[in-house]
Every structure is written in C-alpha cells, then in structure tokens.
Amino acid sequence: MVKHGFKAMMAEANAVIETVSVHDALALAGDPGVVFVDVRETVELQNGGTVAGAVHAPRGFLEFLADPESPMHKAELSSGKRLVLFCASGGRSTFAAKTLTDMGVGQVCHIAGGFSAWKEAGGPIQQVG
C-alpha cells in the first residue's frame, strides 16, 4: 500500500507552486519574457501538436534538462524568463513545476487544465513532425 500517494503529493505541490488559468496563459503568448514548456511525452506532441513556440522538456528528463551542469541542459530552462509549464491536463505539470521550484528555478508556473484547456480556449497550436 502506498503511504504517500499522488493526492497528498499533488496537494503539497499545489501549496508551493503558481497555477495560472488558461486565459492568463493565453495573455502571455508571444511575450518575449515567457517560455512555454511542454512536459508531455514526444508521442503526445506528435499526435496533437503543442503550444506554438513551446520548448519540449519531457517530465522524465526534466532535472537533466533544467540543470546547467547536465550535458542534456536546455538553455531556455535557465534563461531567467518566466516558465509556463503544461502537460495534457495539469497533473504532470504540477509536479514538474514543483520539481523546478525545488531546484531553485525562479518564475515557474503551470497552466490549470493543461494543453486540453489551451486547445479548448483556442490557443495557438504548432504541429510537430
């Protein structure tokens, strides 16, 4: 039996991270001080696209991609810009935002409802080959 399940972990994460509504996220689209970060798996991007201009940083590799000392580092994740994370519906991006916050990355938030909410709200989408 799990002693510390996902519900408890999600509540702990939500207590220390910033969550933005999809409408607030839409207002950030095109802002040069903002980087949208897609933490979904590659197959999800290939099947349905992503937020236009988003950086792909799968949650499974997030720590490696965010750490400047890692050979896998993505400079966008340590750029000092506001990072707006998203996944399909908001669960994985909640945990990813908590991870980056724990790593000391500043200005991290995630989109409530994730990519599903973004699409439903008519946000710009980019197809991935």
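Computation of the quantities below employed the complete heavy-atom set of this structure, encompassing side-chain atoms and omitting hydrogens, waters and symmetry-equivalent molecules.
Exactly one of Asp31, Val34, Val35 qualifies for a side-chain contact (heavy atoms from CB on, under 4.5 Å) with Lys81. That residue is Val35.
In the hydrophobic clustering, Val128 connects to Leu45, either directly or through intervening members, whenever side-chain heavy atoms lie under 4.5 Å apart. The other members of the hydrophobic cluster of Ile17, by chain and number, are Val16 (side-chain heavy atoms under 4.5 Å, ILVMFWY only).
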Using the side-chain contact (heavy atoms from CB on, under 4.5 Å) rule, take Val84 and Ile111 through it: C-alpha gap first, then chi angles, then the decisive distance, then the call.
CA-CA 7 Å; Val84 180; Ile111 302 173; 3.6 Å; yes

Asn14/Thr94 under side-chain contact (heavy atoms from CB on, under 4.5 Å): CA gap, chis, key distance, verdict
CA-CA 7 Å; Asn14 277 313; Thr94 296; 3.8 Å; yes

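Every side-chain hydrogen bond (donor to acceptor under 3.5 Å, both in side chains) that Thr19 has, sequence neighbours left out, goes to His110. Applying the side-chain contact (heavy atoms from CB on, under 4.5 Å) test to Ala27 and every residue at least two apart in sequence or in another chain returns nothing. For Thr101, there are no side-chain hydrogen bond (donor to acceptor under 3.5 Å, both in side chains) partners two or more places apart in sequence or in a different chain. For Lys98, the side-chain hydrogen bond (donor to acceptor under 3.5 Å, both in side chains) test picks out Asp102, with sequence neighbours left out. Gln107 meets the side-chain contact (heavy atoms from CB on, under 4.5 Å) test with Arg82; sequence neighbours excluded. Partners of Ser89 under the side-chain contact (heavy atoms from CB on, under 4.5 Å) rule, at least two apart in sequence or in another chain, do not exist in this structure. Glu76 is linked by a side-chain hydrogen bond (donor to acceptor under 3.5 Å, both in side chains) to nothing, counting only residues two or more places apart in sequence or in another chain. Annotation: side-chain contact (heavy atoms from CB on, under 4.5 Å) contacts of Ala88 (sequence neighbours excluded): Arg40, Glu44, Arg92.
The shortest heavy-atom contact between Val37 and Leu77 is CG2-CD2, 3.8 Å. Across all non-hydrogen atoms, the minimal contact from Ala112 to Ala117 is O-CB, 3.8 Å. Of all non-hydrogen atoms in Cys87 and Gly91, the two that sit nearest each other are SG-N, 3.5 Å. Here the closest heavy-atom approach between residue Leu26 and residue Gly123 is recorded as CD2-CA, 3.4 Å.
Rounded to the nearest 0.5 angstrom, His23 NE2 and Leu28 CG are separated by 13.0 Å. Of the inter-residue distances, the one linking Leu65 atom CG with Ser70 atom OG reads 7.0 Å to the nearest 0.5 angstrom. Rounding to the nearest 0.5 Å places CZ of Phe86 at 11.5 Å from SG of Cys109. A distance of 12.5 Å separates OG in Ser79 from NZ in Lys74, rounded to the nearest 0.5 Å. Taken from CG in Leu85 to CG in Leu100, the straight-line distance is 5.5 Å, to the nearest 0.5 Å. Residue Asn47 holds its CG atom at 10.0 Å from CD of Gln127, rounded to the nearest 0.5 Å.
Residues Val55 and Met103 fall within the same hydrophobic cluster, defined by Ile, Leu, Val, Met, Phe, Trp and Tyr side chains chained together at heavy-atom separations under 4.5 Å. Placement of Leu62 and Phe95 in two distinct hydrophobic clusters is found when ILVMFWY residues are connected by side-chain heavy-atom separations under 4.5 Å, directly or transitively.
Between the side chain of Asp24 and the backbone N or O of Val20, no donor-acceptor pair lies under 3.5 Å. Side chain of Gln126 to backbone of Thr50: no donor-acceptor contact under 3.5 angstrom is found. At distances below 3.5 Å, not a single donor-acceptor pair connects side-chain atoms of Asp67 with backbone N or O atoms of Glu63.
Listed by first and then second residue, the ring-ring contact (aromatic ring centres under 6.0 Å, His included) pairs involving residues 36-79 are Phe36-Trp118 (not counting sequence neighbours).
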